[in-house]
Protein chains: 2
Amino acid sequence: MDQKDRKILGYLQEDASLSLNDLAEKVDLSPSPCWKRVRKLEEDGVIRKRVALVDQDKLGLPLSVFVLLKTCNHNEEWLEHFADKASSFDEVVELYRMGGDWDYMMRVVVKNIHAYDQFYKKLIKTIPDLCNVSASFAMEQIKYTTALPL
Amino acid sequence: MDQKDRKILGYLQEDASLSLNDLAEKVDLSPSPCWKRVRKLEEDGVIRKRVALVDQDKLGLPLSVFVLLKTCNHNEEWLEHFADKASSFDEVVELYRMGGDWDYMMRVVVKNIHAYDQFYKKLIKTIPDLCNVSASFAMEQIKYTTALPL
DNA sequence: GGAAAAAAGAGAAAAATATTCTATAACAAG
DNA sequence: CTTGTTATAGAATATTTTTCTCTTTTTTCC
């Protein structure tokens, strides 16, 4: 991965609908070697996938809730079971195992506070041994990008 | 936006490299009406953009840090200035204004803890009047999807 | 330093895909 | 009904992606 690959990633991170010709031009290559690089980046898994980003508000799901969790149960099996179950909820768009005070944090996307409460009830029903659950509501999404710093 | 549009979004959220023929087949349409729907979704801004998702680990940026912030300065101007400045950092991939104990939360993508510290120093230098800054480190990213629930 | 091998690039041809166009079918309002 | 509107299908055209071949550049090793 050299500087040109990085440049390619930079552009495709921002706009994957860019045609190969345009991309090639931007990175100062002719289409064919540019295409080879793109394909290699895909094969190597550097480019994980191409996706369409959908507008949360326009879909009627303006609310992001950050949910912090503590478990009472610290064995391997529980962890795996939790990861599986929690990941399976479509509302959970991000899920992290954390260091520090809380064991897990997730971002949950819902219509409104009531919908969050429904999710909450579903969550604690599905996953036992949660010792502590705390929700923080995002008032405003100031920045959201999938583009990693290069 | 009817059920078919939703189905289209569902597929494109997962894989935007899907050809129009394949997509059309999946949603039970012929290519041309399917294409019209996709274009309308794009024009209406329901589909915000198409992007390539890059692997954090493969890029050498395995660490996500969640940074919580409190400001001492609660006037309109400060808020705007903060939003601008904080958004401008490439390491900041998500930024929310929060309800509750903390004013802001952001996810910062970096190489390692040392790189986070560098970022931290850059942050407090750039943005004055931060009363409190707290960082939580993600040990593991269990789920990360850009696909909103439909 | 220079020859051989390897890697990266250019340009054109072929294949696949997206886009437009036209005509037909379903649907809703008066 | 029937008129106007919207959605669809299928074919044509245009664009884009992918492959192929040949050339240039870079690297390696003597």
Side-chain angles (χ1 to χ4, degrees), chain A residues 1-61 90 111 144-150, chain B residues 1-61 90 111 144-150:
Chain A
M1 267 238 315
D2 61 7
Q3 202 48 45
K4 244 162 204 169
D5 286 326
R6 253 173 253 281
K7 265 184 108 175
I8 290 175
L9 289 180
Y11 286 113
L12 291 184
Q13 276 196 132
E14 294 297 344
D15 182 7
S17 71
L18 210 57
S19 87
L20 217 41
N21 278 5
D22 294 349
L23 179 62
E25 200 171 324
K26 280 177 192 289
V27 300
D28 253 328
L29 278 174
S30 70
S32 65
C34 181
W35 181 80
K36 273 186 201 167
R37 281 168 179 270
V38 172
R39 192 185 45 161
K40 182 146 199 326
L41 288 167
E42 279 167 344
E43 277 171 358
D44 294 350
V46 179
I47 294 176
R48 288 200 298 123
K49 56 191 332 201
R50 289 149 182 270
V51 299
L53 299 184
V54 174
D55 190 284
Q56 252 185 271
D57 295 336
K58 298 228 164 102
L59 214 68
L61 298 166
D90 288 343
K111 192 171 58 192
Y144 175 80
T145 183
T146 54
L148 304 176
L150 303 168
Chain B
M1 266 235 320
D2 60 8
Q3 201 46 47
K4 243 162 204 170
D5 286 327
R6 251 173 254 282
K7 265 183 109 175
I8 289 175
L9 289 179
Y11 286 114
L12 291 184
Q13 276 196 132
E14 294 295 344
D15 181 7
S17 72
L18 210 58
S19 86
L20 217 40
N21 278 4
D22 293 350
L23 179 62
E25 200 172 325
K26 280 178 192 290
V27 301
D28 252 327
L29 280 173
S30 70
S32 67
C34 182
W35 182 81
K36 274 188 197 167
R37 281 169 179 269
V38 171
R39 193 185 44 162
K40 183 148 199 328
L41 289 167
E42 279 166 346
E43 277 170 358
D44 294 350
V46 179
I47 295 176
R48 288 200 298 124
K49 55 189 336 200
R50 288 148 183 272
V51 300
L53 298 183
V54 173
D55 191 283
Q56 251 184 273
D57 295 336
K58 297 227 164 103
L59 213 69
L61 298 166
D90 288 343
K111 193 171 58 192
Y144 174 79
T145 183
T146 54
L148 303 176
L150 303 166

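Just so we're clear, the structure is a prediction, and the values are computed from it rather than from any experiment. Below, chains carry the letters A, B, ... as their sequence lines are ordered, and counting in each starts from 1.
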Does [X] have any side-chain contact (heavy atoms from CB on, under 4.5 Å) partners at least two apart in sequence or in another chain, and if so, which?
{"X": "B:Asp55", "result": "A:Arg48, B:Asp57, B:Lys58"}
{"X": "A:Lys111", "result": "A:Leu61, A:Ala115"}
{"X": "A:Thr146", "result": "A:Leu53, A:Tyr144, B:Val51, B:Leu53, B:Tyr144, B:Thr146"}
{"X": "A:Ser30", "result": "A:Ser32, A:Pro33"}

Just how far, in rounded Å, is [atom2] of [N] from [atom1] of [X]?
{"X": "A:Asp2", "N": "C:dA8", "atom1": "CG", "atom2": "C1'", "answer": "10 Å"}
{"X": "A:Arg37", "N": "D:dT19", "atom1": "CZ", "atom2": "C1'", "answer": "18 Å"}
{"X": "B:Ile8", "N": "D:dA7", "atom1": "CD1", "atom2": "P", "answer": "12 Å"}
{"X": "A:Glu25", "N": "C:dA10", "atom1": "CD", "atom2": "C1'", "answer": "15 Å"}
{"X": "A:Lys40", "N": "C:dG9", "atom1": "NZ", "atom2": "C1'", "answer": "16 Å"}
{"X": "A:Leu23", "N": "D:dT18", "atom1": "CG", "atom2": "P", "answer": "12 Å"}

(request) Would you please name every residue forming a salt bridge (Lys or Arg N to Asp or Glu O under 4.0 Å) with A:Asp44, sequence neighbours left out? (result)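 Per chain and number, A:Asp44 pairs via salt bridge (Lys or Arg N to Asp or Glu O under 4.0 Å) with A:Lys40.
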(request) Under the salt bridge (Lys or Arg N to Asp or Glu O under 4.0 Å) rule, collect the residues that match up with A:Glu25, sequence neighbours excluded. (result)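 For A:Glu25, no residue satisfies salt bridge (Lys or Arg N to Asp or Glu O under 4.0 Å) once neighbours in sequence are set aside.
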So which protein N/O to nucleotides 19-22 of chain C N/O distances come out below 3.5 Å?
residue : atom : partner : partner atom : Å
C:dT19  : OP2  : B:Trp35 : NE1          : 2.3
C:dT19  : O5'  : B:Trp35 : NE1          : 3.4

(message) Please give me the minimum heavy-atom distance between B:Leu18 and B:Leu23, naming the atom from each residue.
(response)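 Answer, listing the atom of B:Leu18 first, then B:Leu23: CD2-CD1, 3.9 Å.
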(request) Heavy atoms only: give me the nearest A:Lys4-A:Asp28 pair and the separation to one decimal. (result)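 Nearest heavy atoms, A:Lys4 then A:Asp28: NZ-O, 3.7 Å.
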(request) Determine the contact category for B:Ser30: base if any of its heavy atoms lies under 4.0 Å from a base atom, sugar-phosphate if only primed atoms, P, OP1 or OP2 are that close, otherwise nothing. (result)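 The answer is base, as B:Ser30 lies within the cut-off (heavy atoms under 4.0 Å) of a base atom.
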(message) Counting only side-chain heavy atoms from C-beta out, which of D:dT17, C:dA10, D:dT8 sits nearest to B:Leu29?
(response)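 Of D:dT17, C:dA10, D:dT8, D:dT8 is nearest to the side chain of B:Leu29.
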(request) Quick one: list whatever passes side chain to side chain donor-acceptor pair (under 3.5 Å) with A:Arg37, sequence neighbours left out. (result)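 Listed in chain order: A:Asp2, A:Asp5.
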(request) Keeping to residues at least two apart or across chains, list the side chain to side chain donor-acceptor pair (under 3.5 Å) pairs with something in residues 11-22 of chain A. (result)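 Residue pairs with at least one partner in residues 11-22 of chain A: A:Glu14-B:Lys49, A:Asp15-A:Ser17.
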(message) Can you confirm whether B:Ile8 sits close enough to B:Lys26 that some side-chain heavy atom of one is under 4.5 Å from a side-chain heavy atom of the other?
(response)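 SC-SC contact between B:Ile8 and B:Lys26 ruled out.
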(message) Which residues in residues 42-52 of chain A have a heavy atom closer than 4.0 Å to any atom of DNA chain C?
(response)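 Result for residues 42-52 of chain A: none.
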(request) Just report the end-to-end axis angle for the helix from C:dG1-D:dC30 to C:dG30-D:dC1, five pairs per end, to 10 degrees. (result)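 The end-segment axes of the helix from C:dG1-D:dC30 to C:dG30-D:dC1 are tilted 40° relative to each other.
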